[in-house]
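Bear in mind that the values here come from a model prediction, so they are computed numbers and not experimental data.
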Amino acid sequence: MSYTSPVAEFRFLLDHVLAYAKLAQTETFAEADAETTDAILTELGRLCDDVMAPVNRAGDLTPAVLENGVVRTSPGFKDAYQAIAEGGWLGISADPEFGGMGLPQVLNTAMNEMMSGACLALQLCPLLSQGQIEALEHHASDELKALYLPKLTSGAWTGTMNLTEPQAGSDVGALTTKATENGDGSYAVTGQKIFITWGDHDVAENVCHLVLARLPDGAPGTRGISLFMVPKFLPDEGGNPGERNDLRVVSLEHKLGIHGSPTCVMSFEGAKGWLVGKENGGMAAMFTMMNNARLGVGAQGIGVAEAAYQHALAYAQERVQGKTPLGKGAIIDHADVRRMLATMKAEIFAVRAIALACGLSMDMAKAGNDPHWKARAALLTPIAKAHGTDIGCEVSSMGVQIHGGMGFIEETGAAQFFRDARITPIYEGTNGIQAMDLVGRKMMDGGEAAFRLLQEVEDCAENARTQLAELANPVWDAAETLREATEWLVAQDASTRNAGAVPYLRAFARVLGAHYHLKAAIADPQGARARLAKVFIDRILPEHSSLLVQARAGAEQLYALSPEDLESA
C-alpha cells in the first residue's frame with residue numbers, strides 16, 4: 001500500500017490560498033519563513049512515506065495485543081515511533097522552553113494529515129501527546145511542566161486523555177471516578193475509563209494519563225470535575241520512570257479499524273496523581289486538549305481520504321475492463337469512475353483548505369492576541385473536525401466502490417481505509433456534538449464571526465467576477481444564501497438549532513470549500529486548479545441549498561414521530 005505525502009498540495013495552499021506568509025511577519029512566528037516551511041514539509045513527507053506508510057498494513061493485519069498485562073504493539077511500530085520522536089516531531093508546535101520547535105499550528109495540522117495518511121493507527125500516539133503538551137502548557141503548575149513537558153516533547157514519554165466511562169459515554173458529567181488527597185500534595189485516583197487510545201504500549205518508556213475525576217466535595221455534573229496527571233511509572237528523584245503506579249489495562253477493544261492502535265479499558269486503583277489546574281476546573285483544562293485534538297482528528301479524516309484516493313487512482317489507471325468512450329482501456333476512462341475520482345480529489349482539496357485555515361486562525365490569534373482571529377478559529381474547529389471526518393468516510397467508501405468487487409476483498413487494502421476512517425466522526429466529540437457546538441456556543445456572538453467570514457467569501461467572489469464569472473457567481477450566491485440562513489438560525493431556540501445543526505454545518509463547509517476552490521482557480525485560471533474548482537462548484541456546491549432547507553425544518557416534525565412510530569412497520 002504505497003502512499004506519497006501531498007507536499008506540493010500543502011505548498012500551493014499555503015502560498016496561494018491561505019496567505020500563510022503573513023505569519024512570518026509576526027514576532028511569534030518569524031522563523032516560519034518560506035525556506036523553513038519548505039524544509040519542514042519535505043522532511044515530514046520523507047518520514048511519512050519511507051517510515052510510517054510501510055508499517056500501515058502490518059498494523060491492520062497484526063493488531064496490538066495484551067499479553068500478561070503488557071501491551072505489545074504491531075510489527076514495526078516501535079521503530080517508526082522512535083523515528084518520529086528522534087525527529088522532534090511531537091514538539092513541532094510546543095514551547096521551545098521545553099524542547100519544542102514553536103512552529104505554527106497550521107504546520108502541525110499538515111503533519112497530522114500526512115502522518116494519518118501514512119498510518120492512522122500509529123499517528124494517534126503522537127496526536128494524543130500533542131494535545132497533552134498543550135493542556136499542560138496552559139494549565140499545569142511550573143513543577144509539573146518542568147517534569148513532564150521535556151519528556152513528552154522529546155517523545156520519551158507519551159500522553160493520553162481519560163474521559164469516557166462505561167455508564168457515561170459522551171456525558172462526561174456522569175463520570176464516577178474519584179480522587180482523594182493523600183496528604184502529600186498528591187491524590188489517589190480510583191475508577192475505570194474506556195476507549196483510551198494508546199493507553200499502554202511498548203514504544204516509549206512511560207505513559208502519562210490525564211484523568212478526569214471528582215473530588216469528594218465536587219459538585220454534580222461537569223462543574224465538579226478535576227483533572228489529574230497519573231503516570232504509568234512514578235517519576236523518581238531524577239525525573240526517570242520509577243515505581244509502577246496502581247493502574248492497569250483491563251482489556252483491549254476489538255475494533256472495526258485502526259487495529260494497530262491499542263484502545264484500552266483502564267483501571268485506576270488508588271493510583272497516585274497530581275492536580276492539573278484548579279480544583280473543579282478539569283473541564284476547562286481538558287477542553288484545551290480536546291480542541292487541539294479535534295482539529296487533529298479532522299486532519300486524520302483528510303489524511304485517510306488522501307491515502308484512499310491515491311490507492312483508488314492507481315487501481316483505476318491499471319484495471320482494464322470494458323469499452324470506454326475513449327476506446328478499450330483502463331477503468332479511469334469510464335465516465336462514472338472519472339466522476340468518482342474527480343469528486344474525491346475536489347472534496348479532499350476543499351476540506352484540507354478548511355483544516356489549514358483553522359490552524360492558521362489559531363496561529364494568528366496566538367501571534368496577535370486578536371479576538372477576531374480567536375473567534376474564527378473557534379468557529380472553524382467544529383467544521384474542520386466534522387466535515388474532515390465525514391469526507392474521510394465518504395471518500396474512502398468511494399475508493400472501495402472504484403475497486404468494485406475487489407474493494408470488498410481485504411487483500412486489496414481498499415477496505416482498510418474505510419474501516420480506519422469510520423471511527424473519526426465518533427471520537428473527540430461526535431460530529432453531531434460538533435454541529436451543535438457550531439450552532440450553539442459558536443453562535444453566542446449572534447453570528448458575528450460567521451458573518452465576518454462570509455463577507456470575505458462574498459468579497460473574494462465579487463472581485464473574481466470579471467475574471468472567472470462562471471465560478472464566482474455561484475459562490476457569491478451560495479454565501480448570501482448561507483448568510484440568510486444564519487440570520488434565521490441565530491433567532492431560533494436551542495431545540496430548533498440542534499435539529500438542523502448537522503445539515504447547517506455541512507452547508508457551511510460546502511460554501512467554504514467552494515471559496516477555497518475559487519481562490520485556487522484565481523491562482524491558476526487556465527490550469528488544473530480551475531478545472532477542479534469547476535467540478536466542485538458545479539457538482540458539489542449546489543448541495544448547500546437542500547442542506548439549508550433541512551437546517552430550517554425545525555425540531556417539531558422530528559418529535560412528532562413517537563418511539564412507537566419509529567418501531568412500526
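Every side chain to side chain donor-acceptor pair (under 3.5 Å) that Arg529 has, sequence neighbours left out, goes to Glu9. Scored by the salt bridge (charged side-chain N to carboxylate O under 4.0 Å, His left out) test, Arg531 finds no partners at all (sequence neighbours excluded). Residues passing the ring pair (Phe, Tyr, Trp, His ring centres under 6.0 Å) test with Phe195, sequence neighbours excluded: none.
Taking a cutoff of 4.0 Å between a charged side-chain nitrogen and a carboxylate oxygen, Lys385 and Glu428 do not qualify as a salt bridge. In this structure, Asp333 pairs ionically with Arg338, as a charged nitrogen and a carboxylate oxygen lie closer than 4.0 Å. Looking at Arg422 and Glu394, no side-chain N of the basic residue comes within less than 4.0 Å of a carboxylate O on the acidic one, giving no salt bridge. Between Asp363 and Lys366 no salt bridge is recorded (no basic side-chain N to carboxylate O distance below 4.0 Å). Arg510 has a carboxylate O that lies under 4.0 Å from a charged side-chain N of Glu347, or vice versa, which qualifies the two as a salt bridge.
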Practice task
Go through the steps to decide whether Arg11 and Thr42 satisfy the test side chain to side chain donor-acceptor pair (under 3.5 Å), and finish with yes or no.
Solution key: CA-CA 10 Å; Arg11 288 177 179 142; Thr42 300; 2.8 Å; yes
Handout entry: Verdict with supporting geometry, Lys345 and Glu306, salt bridge (Lys or Arg N to Asp or Glu O under 4.0 Å)
Key = CA-CA 8 Å; Lys345 188 171 181 64; Glu306 175 67 36; over 6 Å; no
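Using the six-membered ring where Trp is involved, Tyr81 and His201 have ring planes that are tilted, between 30° and 60° apart. Ring orientation note: the planes of His16 and Phe12 are tilted relative to one another, at an angle of 30° to 60°.
Nearest heavy atom pair, residue Ala330 against residue Thr324, reads O-CG2, 3.9 Å.
Crowding of Lys255 atom NZ: a count of heavy atoms from other residues, nucleotides or ligands under 6.0 Å exceeding 12.
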